[in-house]
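As structure tokens, the structure follows; a few thoughts come after it.
Each chain gets a letter, A, B and so on, in the order its sequence line appears, and its residues count up from 1.
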Number of protein chains: 6
Amino acid sequence: MPTILVVNVNTSAAVTDVIAAAARAAVSPTTGVVALTPRFGPASVESNYESHLSAVGVLDAVQGYAGPFDAVVHAGFGEVGREALQDVLTVPVVDITEAAAHTACLLGRTFGVVTSLDRAAPSIADRLLLAGLSGRCTGIRSVDLPVLELEAAPEVTAGAFVEQARRLVEDGAEVVVLGCAGMAGVHEAVSADLADLRVPVVDGVAAAARLAESLVALGLSTSKARSYATPGPKAVLGWPLR
Amino acid sequence: MPTILVVNVNTSAAVTDVIAAAARAAVSPTTGVVALTPRFGPASVESNYESHLSAVGVLDAVQGYAGPFDAVVHAGFGEVGREALQDVLTVPVVDITEAAAHTACLLGRTFGVVTSLDRAAPSIADRLLLAGLSGRCTGIRSVDLPVLELEAAPEVTAGAFVEQARRLVEDGAEVVVLGCAGMAGVHEAVSADLADLRVPVVDGVAAAARLAESLVALGLSTSKARSYATPGPKAVLGWPLR
Amino acid sequence: MPTILVVNVNTSAAVTDVIAAAARAAVSPTTGVVALTPRFGPASVESNYESHLSAVGVLDAVQGYAGPFDAVVHAGFGEVGREALQDVLTVPVVDITEAAAHTACLLGRTFGVVTSLDRAAPSIADRLLLAGLSGRCTGIRSVDLPVLELEAAPEVTAGAFVEQARRLVEDGAEVVVLGCAGMAGVHEAVSADLADLRVPVVDGVAAAARLAESLVALGLSTSKARSYATPGPKAVLGWPLR
Amino acid sequence: MPTILVVNVNTSAAVTDVIAAAARAAVSPTTGVVALTPRFGPASVESNYESHLSAVGVLDAVQGYAGPFDAVVHAGFGEVGREALQDVLTVPVVDITEAAAHTACLLGRTFGVVTSLDRAAPSIADRLLLAGLSGRCTGIRSVDLPVLELEAAPEVTAGAFVEQARRLVEDGAEVVVLGCAGMAGVHEAVSADLADLRVPVVDGVAAAARLAESLVALGLSTSKARSYATPGPKAVLGWPLR
Amino acid sequence: MPTILVVNVNTSAAVTDVIAAAARAAVSPTTGVVALTPRFGPASVESNYESHLSAVGVLDAVQGYAGPFDAVVHAGFGEVGREALQDVLTVPVVDITEAAAHTACLLGRTFGVVTSLDRAAPSIADRLLLAGLSGRCTGIRSVDLPVLELEAAPEVTAGAFVEQARRLVEDGAEVVVLGCAGMAGVHEAVSADLADLRVPVVDGVAAAARLAESLVALGLSTSKARSYATPGPKAVLGWPLR
Amino acid sequence: MPTILVVNVNTSAAVTDVIAAAARAAVSPTTGVVALTPRFGPASVESNYESHLSAVGVLDAVQGYAGPFDAVVHAGFGEVGREALQDVLTVPVVDITEAAAHTACLLGRTFGVVTSLDRAAPSIADRLLLAGLSGRCTGIRSVDLPVLELEAAPEVTAGAFVEQARRLVEDGAEVVVLGCAGMAGVHEAVSADLADLRVPVVDGVAAAARLAESLVALGLSTSKARSYATPGPKAVLGWPLR
């Protein structure tokens, strides 16, 4: 009975609830999902500044979690910090940005992303570039809604998402990706609204949770050979956070 | 209770058995695996010529399968033909080359591939290039053994694999991929032999089977928007094969 | 007196006639052109599925041709299968997609392609990516006409081609490529219609036939060092086709 | 009289002193240099984990600095966090990795990097990839010495650096970059030792300090148009650090 | 007191004056600027043909300059010839295209260029490709004015520049580059007009002059290891120019 | 009866003779070849400096040629200047570097280049990068012989070439390219010596001459749409050369 830790990157418990529900729906019934809300960091992540603060909040949340777990999902779309978790853990770590992109690549030749605010697009593009998947992404568009409004007003979010998704498909996207963890709740609605296009819609939270479970089932975990080797013990001022 | 069709690309029933076992071990107990051996095509696939013949053999096998199925695994490492299946099916199709590469990307920053013969390396490189994943592949090496000897002499295969895998890791690979479906049977042995390096070893058959099951569970299938739209009815001489 | 085999990828004799005429007009008067129509495969190739069937039809046609020949032109724009021919032959093999793209690169800094249906664009893009020439292609547009209507209604084809070609040039293309073998017959007409733009129009069939003749004249043929080494003898079920 | 803030990424005051000296030697006599040591974060940065902690330590140090300043140098070679500073500041921010790479590009067609530990190489490669400069980097080698030993044993460091630099030049590097802030103190020594090769050696700290001064002189600062737009006010738990 | 030679690529003394003024304003008060006008070559450079003639005119001007100098600025935006100077000199040589692009990269995630005529765009793109910086350039637009009109009618130039710059920013550019040496005189005006966008405007002449000065201050010069090694003595017909 | 102008880039008549012979052997018997030796420029081209001088020498030679001609071959391997010719001519211009690379791409999946001196490698790499063909080039090695010794001592050249070619093939090259016009005379000898490898050897002069003839036969010439549009009349100081 594996347990997947799913870590929100912001401090909003409502967003954590949305994420937890999406993850639970994606994994096998016998797999446990524990969703964590950081006690450090911004209420929502919409800038590089907030992304870097959230990386430490996520580290703190995971390192402070007392129970056993078998994999971690880093639920920040376009956010930094996945590599830090990989360094300090021996279980698999799956980032929702990458999970969504890899999954989309199995479903179509190209994919597009719809995110919250336009200013999130560059950081998503950077994550895709580092993942080597930029070449298959035809575009990143935004609904122009702040993160915290996404789950608060799902109907508005869904309508705006569908509009942007249709433009991505016109421009060549064959798969559309929900580009924010806070959008997980509208997955079903937008999939239905886009059914005429016959393009799959990928939710990174669901994809990451399922991939994390799959890695556990396959007996695979993070390589410790080079990039993510466990750091040795070292003095760190102010850490762990009090 | 989903059923995954796993299709061998060669006409060797012994290789089909190896593939079927790897797939069955990778999926959930309640998921069915049906392994198919083509009735058309080469005894093993070690050239572009044989790869193109096998693509038609795989199509024939899948289109000739009468029972229900929920996803297909195309079990040719570096072989062509995955796109043809995606055109004519509405269920997900997962290629083992791509499954292995995407999975490897979740486990390390880079990966290397060990395949059968050196001449298979270019076609694997082409598949990775089309998948957009070349940038994360540090090298493709070979054990210099024909495909049909791989499962026939697993100890020789395992020894040769481990030697090449170590060289890939020295050159920067953080994950190693089994670059031939016929190597699925040595996965456990080589993983054990390489344990000191702390690099995961990915078997594409297992990865693809699990990913196919995951796509089914997530309710996702191939985009029909453009590249893989269903072809209209059309006269095809000599087809289906008699 | 070299002889060039020019192989249609579909089973339409009318298309073979168009291709043969274009090839004959392109080579020296003393060079022979033999055009082949496959006896296996689809009436036209407009999907990955049909492309893979056609690859075997082309192999069958070439391997079944009894007379002597000095080079082969694979006349499928964006279709797979050129590598398979290279494996089994020792004479040069020239694909019309690549012939057109290489020729275009000698004439301008960038080129664009006009093809039949939009869904052909991804497979053309894949061929250009594998050829390393994607970076010089500014776009692939379509006339939105099925392959078999192209040669049947040359005036409609020419008009639609010119319209799309002008849009490609507006977007930065300096050379325009006829992106379907079935368009060979409108080369002269569209070149005349586009004369004001001063952009050359390249027909892949003509370019490939001339390049094939040139390789023969230069004494050059396919490398047998690695990717296209001759496969050894091997059991192939159902092959040759009856 | 501009003032440049130069921020160490680790908490070692000895390293800060080395960095401060290099920056002061690089700028005009009338430019002030203020070097900061974070009060939060690791004693040295040699992993992704430590890099992400250091990003917050650097933010804290800069936001907590009370005096006026005209530009910031982020003195972590291969470390994350430059973008976070750009978001919250209106003065230019120069990262030493990028400063070194851009400067090297003005001096030779290619460059190589010598860093502390091999495991730092991937994060440096990631920074160069994001900067678009990977194509000009021929390799990243390491002296295999921890960061804190670099300035503590400058003669050992210099000797090891020269050895690796010579190998990079043999492999095609035309410029060599000091790939760790803690190496700034050996710049003169290694430049002298490598004089016979006629390859320049670039210290990122010096380059960044001079570039920062230059941006100030040119009246240029960070674009606020998109990626680095100032974040709005928002609740951040646990921040500022106490 | 270093001296920077700033070399115009055309034979217009009026353009040289504009360039000299921009360079002088950019460097420290104690740094000397000597601006040269070639005695060989075209009145303005707006084609590859003229660019290649100008490269020899620039070489002639620099090799014919009798006084001492410490660095050279090659003031042709998108023009060839920088490498030739690097071969024959031991002081640093900075090209304004590259100086502008490297500087822009320090200020934003992406940049766009506004040049004189549309036909200059391809040669600028080529220079950026060789510099490895294409990936960060979102577009090159033109004011559609010949080079010699740019400094002759600065108000027209500024207005046209601002219009094109705004379109580049709409399309994702975070920094805008003046893509012609003859535009240096409108830098201040267009920066003011674009202030509402909060995107920096980079003048390559100013950036190059300051970077050249910086390289001198840092004690760095061109690598002589490979690409730019000093050519041996050799008979050259017709050279030096009489 | 078309006439091809083949222009040497250096002022050595002996090299021109070698080039002329290779070109004549490559074209049809009825095609004329006129070989030109510049009256301006270096005795051999082995640096960027000499390459830029040669570009003007080539322009002068072609513009000064009084007779009719139908195409031009620019016979400098890795040298600049092809674009300048394209601007001022309306007939096709073929560069031997590009001709060799495009031809090699028709013969194998990858190619390698053997050139004269190591310092020529970067400029060849730059030409391939601009041509978009870098991805298919596995390496550029040198025989370490000055250009003028290549044709003077063909046996030494051939031996050294074969040695380097074998190393390229070991490293994955499937085709080998003669990377200097002065090597044209050893084409037959080295092809024979390398026969056991079954890799074709491509001479750029022969390839370019045949491609130029082919473009003429196909009725194709340089696009005048953008990059190579004819420059308007303009004052050019010192030009034409006296």
Which atoms of [X] come close to chain E, meaning under 4.5 Å heavy atom to heavy atom: side chain ones, backbone ones, both, or neither?
X	value
F:L85	neither
F:T230	backbone
F:N48	both
F:A229	both
F:L130	both

(message) Are F:D87 and E:R119 packed together at the side-chain level, in the sense that at least one heavy-atom pair is separated by less than 4.5 angstrom?
(response) yes
Flag the one option from [options] with the top tally of heavy-atom pairs under 4.5 Å to chain F.
options	result
E:D118, E:V88, E:D126	E:D118
E:T11, E:V56, E:L53	E:L53
E:P42, E:G238, E:G232	E:P42

(message) At a 4.5 Å cut-off on heavy atoms, which part of E:L241 comes close to chain F: side chain, backbone, both, or neither?
(response) side chain
(message) Please classify the contact between E:S227 and chain F as side chain, backbone, both or neither, with a heavy-atom cut-off of under 4.5 Å.
(response) both
(message) Which heavy atom of E:Y49 sits nearest to which heavy atom of F:P231, and what is that distance?
(response) CD2-CG, 4.1 Å
(message) Please determine whether the number of non-hydrogen atoms from other residues, nucleotides or ligands lying under 6.0 Å from atom CZ of E:R39 exceeds 12.
(response) yes
